[in-house]
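Below is one structure, written out as structure tokens; the observations come after it.
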Amino acid sequence: MVGVEVERIIGCGRNSSGSKSCGSSDGCGGRSGDSRIRIGFGSHIGGVFVAGGDGVDGGDCGRVVIEEVSSSAGVDNGRVVTDEVSSGIGVDNVRVVIDEVSSGVGVDNVRVVIDEVSRVVIDEIAPNVNQPFSCIPLWILEDIKDYIKRSSNKRAETKVCRGQSCKVIMKDDRSNNQSGPLRVAVVGASEVGKSALTVRYLTKRFIGEYRSDTDMLYRCVLQVDGAPQPVEIMDTSASCQTTSHAHLQWAEAFVVVYAINDKQSYSQAANTLKELNERRPSASVLVLGNKSDLGHLREVEEVEARTLALNHSARFSELSTAESCAPVSEVLNNFLKDVKSQRNGNQNSSPKLRKISVTKILGSLIGRSSPPPTPVTHLIILDKDERNKLQTPLRRLCRPCLRPAHSLPCSPHTAV
Ligand SMILES: Nc1nc2c(ncn2[C@@H]2O[C@H](COP(=O)(O)OP(=O)(O)OP(=O)(O)O)[C@@H](O)[C@H]2O)c(=O)[nH]1
């Protein structure tokens with residue numbers, strides 16, 4: 001069984017209207033059911049979080065589920081602002097950060113994490129909060145309570161206090177979660193082939209040109225180590241200067257891509273490795289030198305990159321996404337296997353010594369117009385039980401978006 005969901009993530013440093021992202025104008029939201037907004041890293045999004053702001057908190061869009069909030073983003077009167085939100089901006093000033101809240105910042109200081117069911121959870125309200133959360137719509141509180149009710153996370157608790165404000169203490173147990181999707185972020189400099197690689201892996205096809213200013217999240221169920229495994233692969237946009245804090249927190253594994261004919265991309269990969277070493281030392285990392293077909297233009301020696309990877313306890317591989325599919329499948333299948341083993345604490349598995357074998361990919365995306373070359377690829381919309389098993393609400397699939405090369409926003413969307 002294969003279920004795939006692709007989401008568009010509003011890209012870095014761009015201004016977008018929250019209402020447009022979820023509203024019925026582009027057909028994505030509809031009048032009933034839930035709409036989803038993923039707030040990009042560093043994006044400015046109007047009206048997302050504020051009751052009454054642009055109608056995204058109800059009405060036409062139904063309930064908006066904010067899945068991810070940018071690191072260091074704040075919301076001020078309906079406008080998401082990046083970086084610092086100084087205190088005293090206004091009563092409706094909410095500072096939202098993924099994993100760090102400095103208690104001295106802001107009037108209403110809120111901590112938000114992405115939970116396993118892709119809902120915003122107010123994780124912690126700093127002790128200095130003394131204003132009502134007039135800008136947190138009630139549906140968020142309801143979502144939180146609902147989530148906690150359904151959640152297997154028994155450590156969560158909620159207390160409603162100070163009128164509309166709400167206190168939820170949710171221990172972040174994502175690292176202990178054994179059943180959630182494997183989350184892999186594909187990071188690297190611009191034009192190194194991150195999108196090409198991701199799509200090649202998931203569809204077996206090579207498509208030369210991709211939209212480059214958005215992060216793309218692919219949800220699918222793959223056969224990993226002989227069992228179906230929900231996997232989320234984030235094809236990150238290189239328009240983010242550094243590996244974003246949110247990416248770092250979101251993923252449990254990273255594919256760090258550079259191009260062998262681009263020394264600068266290698267330097268960036270080296271910086272990313274350093275960053276990962278410092279900030280996510282337990283994450284699984286694969287260093288991938290792409291475009292090996294351009295050997296005549298080589299600027300990065302394989303041995304140098306391999307040594308770098310070794311020094312960071314990362315896997316290493318050089319390949320050409322353009323040339324053929326098999327190595328891509330082989331390398332990524334084995335990497336996912338390692339990630340899974342690591343998650344399960346399988347001490348017997350030794351990633352660096354394991355012999356590489358080709359594993360059949362059961363799940364992959366299909367394009368709309370051109371079918372994949374092999375008939376093993378199916379898109380099956382998961383039924384209710386299967387969705388529950390995935391722990392991720394797949395309420396909306398935008399069929400046009402399932403085509404990896406699709407230029408977003410797509411129109412018309414088809415909600416499934
Ligand atoms: N020769 C060669 N070109 C490749 C290979 N992989 C990708 N490309 C090309 O490299 C270019 C960039 O590929 P993308 O997949 O868009 O790169 P990206 O890293 O996602 O780029 P950003 O979206 O800007 O971050 C495209 O023209 C691809 O066709 C490869 O293995 N060999």
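Below, all heavy atoms of this structure are taken into account, side chains as well, without hydrogens, waters or symmetry copies. Counting starts at 1 for both ligands and their atoms, in listed order.
Residues forming a side chain to side chain donor-acceptor pair (under 3.5 Å) with Arg280 (at least two apart in sequence, or on another chain): none. Lys263 meets the side chain to side chain donor-acceptor pair (under 3.5 Å) test with Glu304; sequence neighbours excluded.
Selection from Ala322, Ser320, Ser195 by nearest heavy atom to atom 20 (O) of ligand 1 gives Ser195. When Lys291, Glu191, Arg200 are checked for heavy-atom proximity to atom 9 (C) of ligand 1, Lys291 turns out nearest.
Near Gly193, the atoms of ligand 1 lying under 4.0 angstrom from a non-hydrogen atom of the residue are 7 (C), 13 (O), 14 (P), 15 (O), 17 (O), 18 (P), 19 (O).
Contact annotation: for Asp293 versus ligand 1, heavy atoms closer than 4.0 Å belong to the side chain alone.
Of the charged side-chain nitrogens involved, none lies within less than 4.0 Å of a carboxylate oxygen, so that Glu318 and Lys291 do not count as a salt-bridged pair.
Residues Val255 and Val257 meet the side-chain proximity criterion, which asks for heavy atoms closer than 4.5 Å.
Here's the thing with Val192: one of its N/O atoms is less than 3.5 angstrom from an N/O atom of ligand 1. At least one N/O-N/O distance between Asn290 and ligand 1 falls below 3.5 Å.
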Test side-chain contact (heavy atoms from CB on, under 4.5 Å) on Met234 and Tyr218; report intermediate values, then the result. CA-CA 6 Å; Met234 174 96 74; Tyr218 296 88; over 6 Å; no
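Not a single heavy atom of Ala259 sits closer than 4.0 Å to an atom of ligand 1.
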